[in-house]
Peer 1: 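Questions regarding the structure given below will be posed in turn.
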Number of protein chains: 2
Amino acid sequence: MDKSRNRRPTIIDVAEHAGVSKSTVARVLAGSSSISEDARDRVMKAVAATGYERNHLAVGMRSGRSGLLGIVIPDITNPFWAGVARGAQDRAAEHNISLLVFSSDWDAGKEARHLRALRQARVDGAIINPVADNFDDLSRFGLPFVFIGSSAERFSDVSSVGSDIAQAVRLGMEHLFSRGHTRPAFILGPRSRLARARFLRTVHDFCVERDIDPAVLAMEDAEYTVEGGKAAMERLLARRGRGYLSVFAANDLMALGAMMAVREAGLSCPEDVSILGFDGIPAGAFAWPGLTTIEKPSREIGVRAVDCLLDEIAGRPEHGRVYMPCRLIERGSLADLTATAPKMVAAGR
Amino acid sequence: MDKSRNRRPTIIDVAEHAGVSKSTVARVLAGSSSISEDARDRVMKAVAATGYERNHLAVGMRSGRSGLLGIVIPDITNPFWAGVARGAQDRAAEHNISLLVFSSDWDAGKEARHLRALRQARVDGAIINPVADNFDDLSRFGLPFVFIGSSAERFSDVSSVGSDIAQAVRLGMEHLFSRGHTRPAFILGPRSRLARARFLRTVHDFCVERDIDPAVLAMEDAEYTVEGGKAAMERLLARRGRGYLSVFAANDLMALGAMMAVREAGLSCPEDVSILGFDGIPAGAFAWPGLTTIEKPSREIGVRAVDCLLDEIAGRPEHGRVYMPCRLIERGSLADLTATAPKMVAAGR
DNA sequence: ATGAAAGCGCTAACAA
DNA sequence: TTGTTAGCGCTTTCAT
C-alpha cells in the first residue's frame, strides 16, 4: 500500500517512525522540557527522515493560535506604507509568524471587507491604519489590534504607533532657522486632516518661543499631491514680496510639486527659493536638486507595531500611543543663508 | 450558563438557532443548490442573528483548501514589486482569498525560510520570484506555484509570467529611431543577468533589420543601481566622439544615475544628451527633466500571476510562459532630433 | 516521562 | 432535501 504517497507526513507518521506516541512528538515539537534525551533524539531524526512539516491549520484550530497576523494599510504601492509593511513583515518573521497584507485605498467598504477576511482567517491580531470614521466595526472587532499612522489618534483608547509629528516639525523649524530661514512659508495639507492641526500647533509653539507672531507667516492649504503642492507654490510665488522665499511643505509630494512650480516660474531652487519636505520618499532623492526633507521611520513603525501587537496578544500591559522620532535628510533644496556669500549646500542626491 | 459568552459562534450555534442540522448550514454556506427556500432563509437569518463568521482554519483543515495564497518577491519596498503584490492582492481578494506576502531580499536562505512558512501555513499555491539557483527546494515544493519576473525563465518547465522584454526593447528602439537617435549607446545590466541577454538579442535583431552593425553601438555594463548608471554614463561621456549622445539604459535607476552624471559633467539633458529608461518607477516622473521610459506592467503581472495560479490549482491546463506587454511613457529626457530646429519635446513630469 | 483519548469547527460521504 | 457520522492533524487533559 502506498498510503504515504503524495500525502504530507503528519505527526502520526513521525510518531510511528520514531516508535513513540503522538503526544510525545507534539511535546518535542512544542519544546516541552519533560522529555527524555532519547525520545527527543528519535523524534528529531524521524522528523528529518519523513520530511515532516507542522500543519499550522491544525495547530491553529486546536490551540486557537493561527500564527497569522494581518495588516491593513491604505496602499502597499505607496513607499511609506510599503516600508511599514516591510518592517512588520520582518519582525513577524522573527517570531515565525506570517503576515496577511491588505490595501484599503482609504475606502471604508474595502476596509470592512478586509477586516472580515482577517477574522475569517483567524489571525491572532491585526495592525490597522483606520479609514472608517464609524468605528463600530473596529470596536467590536473582537481581536487584538493596534493602530498605525496619525489618523489613529482619533481613537484615544486604542494603542497605536505613528511618527512623532511634533518632534519632526520642530526639527524642521530648527533646521530652517539655523540656516537663516526665519520667516518660512508653509504648504499645509487639507484642513480636514488631523495631522495638519498637529503640524500647525508645533509651528505656533516654536514661533512663540522665538517671539515671532505666527500670523506673519504665509500659509497655503493644498491637497497632499504633486499638483496640490504646485498650485500652492504658484500662489505663494504670486504674492511673495521682495526677497528670498523659503517653504516648508507638509509632505514630499507637495514639496516636489512646489519645486516644479519654481522651475516653471523661471526661478531656481535653492538659488531663489528653498524647499523643505516631509516624509522621506525615495523620489526626493532623484529630484534636482535633491529634496531636503524630514524622514518618517516607516520601517520602524511597522516593527514597533508588531511588538505592540504581540504584547497585546500576550495580554501584556498596553502601550498607549507610541511616537517614533523622525530625522532630517539634508540634500540640496535648502540654501544656507547664513554663509557670508550665500553659499549653497552641496547638492547630493 | 454563558457558554456563548466571549466565544465566536460556530456552525452549530447557527444550526440550533435556525432549527436545522450542521450540514444544512454548511450547505447553505457553500451555496449548494439542493436546499429548500425555507431552510436557506432561516439559516441566513440565523447567521445574521448570531454574527457567525466562517472559520477558515477549520474549513481548510477539513477541505484541504486554506483560502490562502503566498507571494515571495525580492522586496515589497521596491515600487515594481509593490505593484506586483498589489495586483496579486486585488485579484485574490476578488476570489475571497487572502495573500501572505514575503520579501526575500534576493537571499536564498530567506527564500527557503519563506517557502517553509508557506508550506506550514498550507497555502493553496504560491507566486514566486525565484532567487535560488539551486532549485531543488522549489521543484519538490509540493504545491502549485507560478514564477514571476525574468529570472523565472531559467526554469523552462514551470509556468510563469513576466514582462515582454523583447517587445519592450523593440518599442524603445523604434522610439529612439523615430526621434532621430539612430546610433544609441546602451547601459546594460551585469553580464550575469538573464534579462541582459534578452535585451541585447532584441537590439541585435533590430539592428540587423535596419542594416546596422551592432558592433558600432557603444555599450557599458553596470550594476542595476543609480551609482552603476552614473559611472557607466561617465565612461560613455569620456569616450564619446563629437556629436549628440543618446543612451538607452536597461533600468530606470541606472537612467537616473546617468542623468546625474550628465548634470555633473556640466551638460544638460536633453539638450546635450538624451536618455531613455526602462521600468517605469515613480521617481522617474519627479526627475528633471522627467524620465522618458518604458513601463513594465507590474500590477498586471500580479493579476495574471494569480489567474495562472488559480488555474494551476484547479488543475486546468498550464499557461506556459506569459509575456505582458510594456508601454512607452514620454517625458522630457529624450529630444526630438527630427525637428527642423532641434526642438525638445515638452518636458512634463 | 509517556500514552490514551477527547475534541477544536468544519466538510463529505452515506443514509434516510 | 435533510440528518448522521466520521474524521482532517493537532494540542491537551488525565491517567499511568
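Here is the naming used below: chain letters follow the sequence lines, and residue numbers restart at 1 for every chain.
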Peer 1: Can you tell me if B:Arg122 touches the phosphate of D:dC8, counting only side-chain N or O atoms and a distance under 4.0 Å to OP1 or OP2?
Peer 2: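 For D:dC8, OP1/OP2 do not have a side-chain N/O of B:Arg122 under 4.0 Å.
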Peer 1: So, for A:Gly87 and A:Val303, which heavy atoms are closest and what is the spacing to 0.1 Å?
Peer 2: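 Here A:Gly87 and A:Val303 meet closest at O-CG2, 3.6 Å.
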Peer 1: Could you note down all residue pairs passing salt bridge (Lys or Arg N to Asp or Glu O under 4.0 Å) where residues 42-56 of chain B supplies at least one of them, sequence neighbours left out?
Peer 2: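 Listed once each, the pairs are A:Arg119-B:Glu53, B:Asp38-B:Arg42, B:Asp41-B:Lys45.
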Peer 1: Grab the two heavy atoms, one from B:Arg8 and one from B:Asp13, that are nearest each other, plus how far apart they are.
Peer 2: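 Closest heavy-atom pair between B:Arg8 and B:Asp13: O-OD2, 4.3 Å.
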Peer 1: Of all the heavy-atom pairs spanning A:Phe145 and A:Glu312, show the shortest one and how long it is.
Peer 2: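 Minimum heavy-atom separation between A:Phe145 and A:Glu312: O-OE2, 3.9 Å.
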Peer 1: Run the side chain to side chain contact (heavy atoms under 4.5 Å, CB included) test against B:Ser21 and tell me which residues pass, sequence neighbours left out.
Peer 2: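 Scan of B:Ser21 (side chain to side chain contact (heavy atoms under 4.5 Å, CB included), adjacent residues dropped) gives B:Ser23, B:Thr24.
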Peer 1: Nearest-Å distance, CG (A:Leu29) to P (D:dT12)?
Peer 2: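 Going from A:Leu29 (CG) to D:dT12 (P), I get 13 Å.
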Peer 1: Kindly state which residues belonging to residues 42-53 of chain A come within less than 4.0 angstrom of DNA chain D, counting heavy atoms of the residue only, listed by number.
Peer 2: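 The answer is A:Tyr52.
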Peer 1: Can you tell me how far C1' of D:dC8 sits from CG of A:Asn55, to the nearest Å?
Peer 2: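 These atoms are roughly 9 Å apart.
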Peer 1: Check DNA chain D against residues 60-67 of chain B and give the residues with a non-hydrogen atom under 4.0 Å, in numerical order.
Peer 2: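 DNA chain D contact set from residues 60-67 of chain B: B:Met61, B:Arg62.
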Peer 1: A side-chain contact here means heavy atoms from C-beta on lying under 4.5 Å apart; do B:Thr10 and B:Asn55 qualify?
Peer 2: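 B:Thr10 vs B:Asn55: side chains apart.
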Peer 1: Could you check how far CG of B:Asp41 sits from P of D:dT1, rounded to whole Å?
Peer 2: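 My rounded result for the distance is 15 Å.
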Peer 1: Between protein and nucleotides 2-5 of chain D, what N or O pairs are separated by less than 3.5 Å?
Peer 2:
{"from": "D:dT2", "atom 1": "OP1", "to": "B:Ser36", "atom 2": "OG", "distance (Å)": "2.6"}
{"from": "D:dT2", "atom 1": "OP2", "to": "B:Ser36", "atom 2": "N", "distance (Å)": "2.9"}
{"from": "D:dT2", "atom 1": "OP2", "to": "B:Ser36", "atom 2": "OG", "distance (Å)": "3.3"}
{"from": "D:dG3", "atom 1": "OP2", "to": "B:Ser21", "atom 2": "N", "distance (Å)": "3.0"}
{"from": "D:dG3", "atom 1": "OP2", "to": "B:Ser21", "atom 2": "OG", "distance (Å)": "3.0"}
{"from": "D:dG3", "atom 1": "OP2", "to": "B:Thr24", "atom 2": "OG1", "distance (Å)": "2.5"}
{"from": "D:dG3", "atom 1": "N7", "to": "B:Arg27", "atom 2": "NH1", "distance (Å)": "3.4"}
{"from": "D:dG3", "atom 1": "O6", "to": "B:Arg27", "atom 2": "NH2", "distance (Å)": "2.4"}
{"from": "D:dT4", "atom 1": "O4", "to": "B:Ser23", "atom 2": "OG", "distance (Å)": "2.7"}

Peer 1: Show me the pairs that pass side chain to side chain donor-acceptor pair (under 3.5 Å) and involve residues 73-83 of chain B, at least two apart or across chains.
Peer 2: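 Pairs touching residues 73-83 of chain B that pass the test: A:Arg86-B:Asp75.
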Peer 1: Could you go through residues 92-103 of chain B and list every donor-acceptor pair under 3.5 Å that involves a side-chain atom there, pairing it with any protein atom two or more places apart or in another chain?
Peer 2:
{"from": "B:Ser103", "atom 1": "OG", "to": "A:Gln89", "atom 2": "NE2", "distance (Å)": "3.3"}
{"from": "B:Ser103", "atom 1": "OG", "to": "B:Ile76", "atom 2": "N", "distance (Å)": "3.2"}

Peer 1: Go through the structure and list residues passing side chain to side chain contact (heavy atoms under 4.5 Å, CB included) with A:Arg62, not counting sequence neighbours.
Peer 2: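 Residues passing side chain to side chain contact (heavy atoms under 4.5 Å, CB included) with A:Arg62: none at all.
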Peer 1: Rounded to the nearest Å, what distance is computed from the CG atom of residue A:Asp13 to the P atom of nucleotide D:dG9?
Peer 2: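 Atom CG in A:Asp13 sits about 9 Å away from atom P in D:dG9.
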Peer 1: Please list, in 5' to 3' order, the outermost nucleotides of DNA chain C lying under 4.0 Å from any heavy atom of chain B.
Peer 2: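 Nucleotide range in contact with chain B: C:dG9 to C:dA13.
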Peer 1: State which residues pass salt bridge (Lys or Arg N to Asp or Glu O under 4.0 Å) with B:Lys22; sequence neighbours excluded, sorted by chain then number.
Peer 2: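 Listed in chain order: nothing, the list is empty.
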Peer 1: Output the rounded distance in Å from CD1 (A:Ile11) to P (D:dG9).
Peer 2: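 Going from CD1 in A:Ile11 over to P in D:dG9 covers 11 Å.
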Peer 1: Within this structure, what is the CD1-CG distance for the pair B:Ile128 and B:Leu118, rounded to the nearest 0.5 Å?
Peer 2: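 One gets 7.0 Å once the value is rounded to the nearest 0.5 Å.
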Peer 1: Name every donor-acceptor pair, under 3.5 Å, that has one atom in a side chain of residues 63-72 of chain A and the other anywhere in the protein, sequence neighbours excluded.
Peer 2:
{"from": "A:Ser63", "atom 1": "OG", "to": "A:Val59", "atom 2": "O", "distance (Å)": "2.7"}
{"from": "A:Ser63", "atom 1": "OG", "to": "A:Arg65", "atom 2": "N", "distance (Å)": "3.2"}
{"from": "A:Ser66", "atom 1": "OG", "to": "A:Leu68", "atom 2": "N", "distance (Å)": "3.2"}
{"from": "A:Ser66", "atom 1": "OG", "to": "A:Arg122", "atom 2": "O", "distance (Å)": "2.6"}
{"from": "A:Ser66", "atom 1": "OG", "to": "A:Asp124", "atom 2": "OD1", "distance (Å)": "3.3"}

Peer 1: Mind checking side chain to side chain contact (heavy atoms under 4.5 Å, CB included) for B:Thr50 and listing every partner two or more places apart, or none if nothing turns up?
Peer 2: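 So B:Thr50 forms a side chain to side chain contact (heavy atoms under 4.5 Å, CB included) with B:Pro9, B:Val14, B:His17, B:Tyr52.
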